[in-house]
Amino acid sequence: MGLDLGTKTIGVAVSDRILSAATPLETVKRKKFTLDAARLAELAQAREIGGLILGLPRNMDGSEGPRAQSTRAFARNLSHLPAFADLPIAYWDERLSTVAAERALLEADTTRKRRAEVIDAVAAGYILQGALDRLRHLREG
């Protein structure tokens, strides 16, 4: 399951069982950590998720700022919960994932309202797909 962690929403994407394709699933409206984590746990359990990929918002020079630290703290807090204790959690550089998602939605002639509803889930799909492609490359190489 791929996550694009924002301050107001969490974009969620999932992959197929053979880890080849990422699909945007939903956008979770952030409330407070316990409620956010509960919704993510529901999704993870229902989809039999085997691990989490969180988009890590690095600066363009590759350094990590406050948003990256916040993402790492969110992952650390998730890992202490029973629903996530046995799931591996990894990070994927998310630079430009939202830009790519926006471009894809514009090319698909998606309305402004619909883009706002799905942009984070589509960005999560880009994040997860990048990680899946890297895994496939490592397996083949």
Side-chain angles (χ1 to χ4, degrees), residues 1-108 110-141:
M1 185 162 75
L3 302 178
D4 180 30
L5 196 63
T7 55
K8 296 180 182 177
T9 60
I10 302 171
V12 182
V14 293
S15 75
D16 54 355
R17 291 197 180 271
I18 60 171
L19 306 179
S20 65
T23 304
L25 182 63
E26 76 174 64
T27 300
V28 175
K29 298 270 191 255
R30 295 201 63 182
K31 295 175 180 125
K32 62 181 196 172
F33 177 77
T34 52
L35 296 173
D36 300 344
R39 179 61 186 144
L40 294 175
E42 287 172 14
L43 293 171
Q45 185 176 13
R47 298 282 178 154
E48 298 177 357
I49 296 302
L52 298 177
I53 302 288
L54 274 76
L56 190 63
R58 293 181 183 271
N59 296 320
M60 291 310 285
D61 67 1
S63 64
E64 292 187 13
R67 287 191 56 231
Q69 292 169 356
S70 174
T71 297
R72 289 186 184 278
F74 185 89
R76 194 169 37 256
N77 291 337
L78 272 185
S79 70
H80 295 306
L81 299 175
F84 299 98
D86 294 331
L87 290 181
I89 298 176
Y91 302 98
W92 188 257
D93 186 344
E94 73 165 29
R95 283 180 284 185
L96 303 179
S97 62
T98 301
V99 173
E102 181 81 22
R103 186 172 296 135
L105 290 168
L106 284 169
E107 287 175 8
T110 309
T111 66
R112 183 183 308 249
K113 181 177 186 285
R114 183 68 179 144
R115 280 196 312 270
E117 293 169 354
V118 301
I119 187 73
D120 296 314
V122 173
Y126 272 88
I127 291 164
L128 182 57
Q129 190 64 57
L132 295 174
D133 291 347
R134 179 69 177 143
L135 281 173
R136 184 171 42 256
H137 176 74
L138 290 172
R139 280 194 209 119
E140 292 170 358

Which pair of heavy atoms, one from [X] and one from [Y], lies closest together, and at what distance?
X: Ala123; Y: Asp4; answer: CB-OD2, 3.3 Å
X: Ala37; Y: Leu81; answer: CB-CD1, 3.5 Å
X: Arg47; Y: Leu25; answer: NH2-CD1, 3.0 Å
X: Arg76; Y: His80; answer: O-CD2, 3.0 Å
X: Gly2; Y: Ala124; answer: O-CB, 3.7 Å
X: Ala41; Y: Ala83; answer: CB-CB, 3.6 Å

Do any N or O atoms from the side chain of [X] and from the backbone of [Y] form a donor-acceptor pair under 3.5 angstrom?
X: Asp16; Y: Leu19; value: yes
X: Asp61; Y: Ser63; value: yes
X: Thr71; Y: Arg67; value: yes

From [X] [atom1] over to [Y] [atom2], what is the distance, rounded to the nearest 0.5 angstrom?
X: Ile127; Y: Met1; atom1: CD1; atom2: CE; result: 12.5 Å
X: Phe74; Y: Leu40; atom1: CZ; atom2: CG; result: 5.5 Å
X: Asp120; Y: Lys29; atom1: CG; atom2: NZ; result: 8.0 Å
X: Ile10; Y: Asp36; atom1: CD1; atom2: CG; result: 4.5 Å
X: Asn77; Y: Phe84; atom1: CG; atom2: CZ; result: 11.5 Å
X: Leu5; Y: Leu54; atom1: CG; atom2: CG; result: 6.0 Å

Do [X] and [Y] come close enough that some side-chain heavy atom pair is under 4.5 Å?
X: Val12; Y: Leu3; answer: yes
X: Ile119; Y: Glu102; answer: yes
X: Glu26; Y: Arg39; answer: yes

Not counting sequence neighbours, which residues clear side chain to side chain donor-acceptor pair (under 3.5 Å) with Gln69? List them please.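 Checked Gln69 against side chain to side chain donor-acceptor pair (under 3.5 Å); zero matches.
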
Residues 133-141 side chain polar contacts: donor-acceptor under 3.5 Å, at least two apart:
from   : atom 1 : to     : atom 2 : distance (Å)
Asp133 : OD1    : Gln129 : NE2    : 2.8
Asp133 : OD1    : Arg136 : NH2    : 2.6

